[in-house]
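All chains are named by letter (A, B, ...) in the order of the sequence lines, taking the proteins before the strands, and each is independently numbered beginning at 1.
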Number of protein chains: 2
Amino acid sequence: MTSSDKPGNAADAPAETTGAAETGGATAVASRDWASAAADPQYRAAVVDLLGALAYGELAAFERLAEDAKLAPTLADKAELAKMASAEFHHFERLRDRLAEIGEEPTGAMEPFVAAYDAFHKQTAPSDWLEGLVKAYVGDSIASDFYREVAARLDKDTRELVLAVLDDTGHAGFAVEKVRAAIDADPRVGGRLALWARRLMGEALSQSQRVVADRDALSTMLVGGVADGFDLAEVGRMFSRITEAHTKRMAALGLAA
Amino acid sequence: MTSSDKPGNAADAPAETTGAAETGGATAVASRDWASAAADPQYRAAVVDLLGALAYGELAAFERLAEDAKLAPTLADKAELAKMASAEFHHFERLRDRLAEIGEEPTGAMEPFVAAYDAFHKQTAPSDWLEGLVKAYVGDSIASDFYREVAARLDKDTRELVLAVLDDTGHAGFAVEKVRAAIDADPRVGGRLALWARRLMGEALSQSQRVVADRDALSTMLVGGVADGFDLAEVGRMFSRITEAHTKRMAALGLAA
């Protein structure tokens, strides 16, 4: 499944009509390269935060997917989840290498985000294979939405990396098929998984808000306001776009979210 | 660390002077391609077994390394173990794809070996990070020795695949450095890890012997005797070469094995 097949991407609402154009900051950055954009220390700090957050997110996702692969009912299913885990690891490598390339110690850049991701995964350990599949799909989709949201606010070089990693997501497509089949076989499964999906999104939002509150430079950049200060309402709108896209996807999957 | 840096590879004793040349069977197969060699149903069955055993071994190794990554004391260490896990997954993919290419259902080919690998990993779950590193290094090295042993007994096409996967092992080099440093810092660690390494090798041999007893075609091919029937003594010599190489490596690592 490529990202264009996915119903209800948050990026259906183009970035130009949302935060980026309103402040003008994103457009200015988007036409610059890293060397030029990074001369602004606040922008540089925001990108280091972003790369650190994405890198640890990928490493944590690798670890969880590898763990969830144990729940697989067949060897072929196990291999599919292991494949996703391996893809996440390669994303991690690219993001970590980029941090090193711009002269940042990758571990230091990742550390501020360890607690939030670890708490998320601890709160959302799947209790069975189907919950694991829904989590893989939801996680993959939210990551893809987030990468799209943020791409427009980045300098050319960083954007290129983020879009390259994005291009390589969508490994969770197989999950959709399996979940649909399970709901067809027993519609009660749908109710349980809908609750599960809602809990996943709730935990994701709760941990994201923690990060937003802690990391001013990152949050400011995310809403396109590098030059203009922090706009909490715009952060709210971004979360709301991602949540709406999630809701549409869950409905398409047969889960009322 | 490339495989040529490793002390005491079993392949230091060239295959020509051991099983292969004695029976002549390996030489005959070695000059043929898959299509020609696979006309012999016993050879075909042996290769399907071999690819199935290697494939599940890689998938199981992926799963265990990903699990052991949790024991890592730092994010950088975690990333190193995740990298090894990911490399094992890619080996799995190549072996699985090859099974599909020759018209075999990969899951069916792997099933006969699931119990032995799972039992091995269950019996050898590391209790801390250093035990995990020693296991990664020992496992990687034994796999490399075994791939070398078997390569000489395979048709050209299968050999090419096995050697390609072998070329990509040696990811455990970083483990050597970490283990040496830990022993330098506290020599008592060496005694504990030496016992651990001995237990790993003991379990590996015990599970291998189980496989040898169960899978006649595979065992016969491993000792170069496709045409000449099963030679238990030659299986014993192969195990003994691999054990000797292991002992030398452990000594080089500062562990009396």
Residues 120-127 of chain A side chain polar contacts: donor-acceptor under 3.5 Å, at least two apart:
unit_1: H121(A); atom_1: ND1; unit_2: K135(A); atom_2: NZ; d: 3.0
unit_1: T124(A); atom_1: OG1; unit_2: F120(A); atom_2: O; d: 2.7
unit_1: T124(A); atom_1: OG1; unit_2: K135(A); atom_2: NZ; d: 3.0
unit_1: S127(A); atom_1: OG; unit_2: E131(A); atom_2: OE1; d: 3.1
unit_1: S127(A); atom_1: OG; unit_2: E131(A); atom_2: OE2; d: 3.4

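- Between atom CZ of residue F92(A) and atom NZ of residue K83(B) there is a gap of 10.5 Å, rounded to the nearest 0.5 Å.
- Between chain B and the residues A85(A), P106(A), A66(A), the most heavy-atom pairs under 4.5 angstrom are made by A66(A).
- A 6.0 Å sphere centred on CD of E105(A) holds more than 12 heavy atoms belonging to other residues, nucleotides or ligands.
- Your options are R96(B), K70(B), M110(B), E111(B), and the one with the most heavy-atom pairs under 4.5 Å with chain A is K70(B).
- Using non-hydrogen atoms only and a strict 4.5 Å limit, the part of residues 75-82 of chain B facing chain A consists of L75(B), A76(B), K78(B), A79(B), A82(B).
- In terms of heavy-atom pairs under 4.5 angstrom with chain A, the leader among L65(B), V114(B), T74(B), L59(B) is L59(B).
- Pairing each heavy atom of A69(A) with each of E63(B), the nearest pair is C-OE2, 3.9 Å.
- Using cut-offs of 30° and 60° on the angle between ring planes, the pair F62(A) and F62(B) is perpendicular.
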